Number of protein chains: 2
Amino acid sequence: MKDRAPVPSPHPAQDVTEHVGYRLKKASAALRGAMDKALREHGLTVPQYSCLELLDERPGLSNADLARGTFVTRQSANVVLRGLKEAGLITQATSTDHGRALPVHLTPAGLERLHAARGAVYAIEERMIENIPARRLTALLADLDTMTGNLEA
Amino acid sequence: MKDRAPVPSPHPAQDVTEHVGYRLKKASAALRGAMDKALREHGLTVPQYSCLELLDERPGLSNADLARGTFVTRQSANVVLRGLKEAGLITQATSTDHGRALPVHLTPAGLERLHAARGAVYAIEERMIENIPARRLTALLADLDTMTGNLEA
DNA sequence: TCCGGCATGTCAAAATACTGACATGAAAGA
DNA sequence: TCTTTCATGTCAGTATTTTGACATGCCGGA
């Protein structure tokens, strides 16, 4: 009739909500919600904040770079950048001598806004991992990377 | 975006891309992308598949139940349900004798579609965790839950 | 009993993200 | 050199998701 093939997984997982993917999504959704709420008080959305953070870390990233860094399409990133430009938080070169990518930089206002919002976001991350031992956190980071790599392959 | 040499130092986290939240989002995005691609061949979106899976596990869930279970708003879940109804994959009671929640159930076609798609999704999850030891996976699940709980509190 | 708190379903509107498509510029190879 | 290939920015259209709001139906305590 149909394949009732029992899942030969390392964990029983008879319940969908016990699956790794479900837990991953759940944790990610919880973090997103908390960040969303906290950032609203600073007049930023999560994608906007993500862009600012990336630009502070690596000034001059292009629209496509930011799209990859925030896990959205170029088109979506473009909309976010337009909003940040209108808010005066970033500047983007209108031309370039080499290549087609237009580098983006934070304005002083953008940096200031980032610094104001960063505390709230970092506090959330702190709270999220507060009772997880450092050793397990290291393993967690490594395993998340492994999973990501396994899917990209 | 050029790759930055990932130094496995857990605590300082001087680079944003080393933060737990970033890794979490990255892994979640990778999983979402893989599921999206696989489910497209079965004519399902990720939210649709999620609803079918939940309904198979717990028949009679309401729209609000499914919204919570898929981590979206009631309104979004409502749209998803409408699509599933039009596709004939689910049925929803139009009235109830007690309360306001309208229970949803899978149709035979819905169950069949779920079984067809499930294999592809489970294979993705398998691949995602294939080289992660069972002990670490157990810890991972627990830590994801801890993080979620820390944020809900 | 009555009433305030709560959860639910639903409508409308806006915001957000995606797919598909196209032109441009650069690098690599024949 | 010429051509192919690829990455980028951008436009248009669609789909998805959210915020805000409102009416309905339970349940508890006053």
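The structure displayed is predicted, hence computed values, not measured ones. Below, chain A is the first sequence line, B the second, and so on; all start at residue 1. Computation of the quantities below employed the complete heavy-atom set of this structure, encompassing side-chain atoms and omitting hydrogens, waters and symmetry-equivalent molecules.
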Distance in angstrom units between B/Leu81 CG and C/dC11 P, rounded: 13 Å
Which residue lies more 5' along DNA chain D, comparing A/Arg40 with A/Gln92 via nearest heavy atoms: A/Gln92
Side chain B/Gln75 and base D/dG20 donor-acceptor under 3.5 Å: yes
Of A/Pro47 and B/Arg82, the one whose closest DNA chain C nucleotide lies more 5': B/Arg82
Nearest-angstrom distance from the residue atom CG of A/Leu61 to C1' of D/dT8: 14 Å
Separation of atom CG in A/Asp36 from atom P in C/dT16, rounded to whole Å: 10 Å
Flag side-chain contact, heavy atom, 4.5 Å: A/Asp56 against A/Arg118: yes
Given C/dA17, C/dA23, C/dG9, the nucleotide with the shortest approach to the side chain of B/Asn63: C/dG9
Protein-nucleotide distance (A/Leu102, atom CG; D/dA7, atom P), rounded to Å: 18 Å
Whether over 12 other heavy atoms sit under 6.0 Å from B/Glu112 CD: no
Comparing B/Pro103 and A/Ser76 on DNA chain C - which has the more 5′ nearest nucleotide: B/Pro103
d(CZ, B/Arg100; P, C/dG5) in whole Å: 19 Å
Atom-pair distance (CG on B/Leu66; P on C/dA7), nearest Å: 18 Å
N/O (side chain, A/Asn78) to phosphate O (OP1/OP2, D/dT10) under 4.0 Å: yes
Under-4.0 Å side-chain N/O to phosphate OP1/OP2 contact, B/His98 with D/dC27: yes
Pair B/Asp65, B/Ser62: side-chain N/O donor-acceptor within cut-off below 3.5 Å: yes
Donor-acceptor pair between A/Asn78 and A/Arg82 side chains, under 3.5 angstrom: yes
B/His19 ring center near A/Tyr122 ring center (under 6.0 Å): yes
Shortest side-chain distance from B/Arg32, nucleotide among D/dT24, D/dT8, D/dT17: D/dT17
Distance test, side-chain N/O of B/Arg68 to OP1/OP2 of C/dT8, below 4.0 Å: yes
Under 4.0 angstrom between B/Thr73 side-chain N/O and D/dT17 OP1 or OP2: no
Nearest-Å distance for atom pair CE/C1', residues A/Met35 and D/dT18: 17 Å
OP1 or OP2 of D/dT18 under 4.0 Å from side-chain N/O of B/Arg74: no
For atom CD of B/Glu86 and atom P of D/dT16, their distance in whole Å: 11 Å
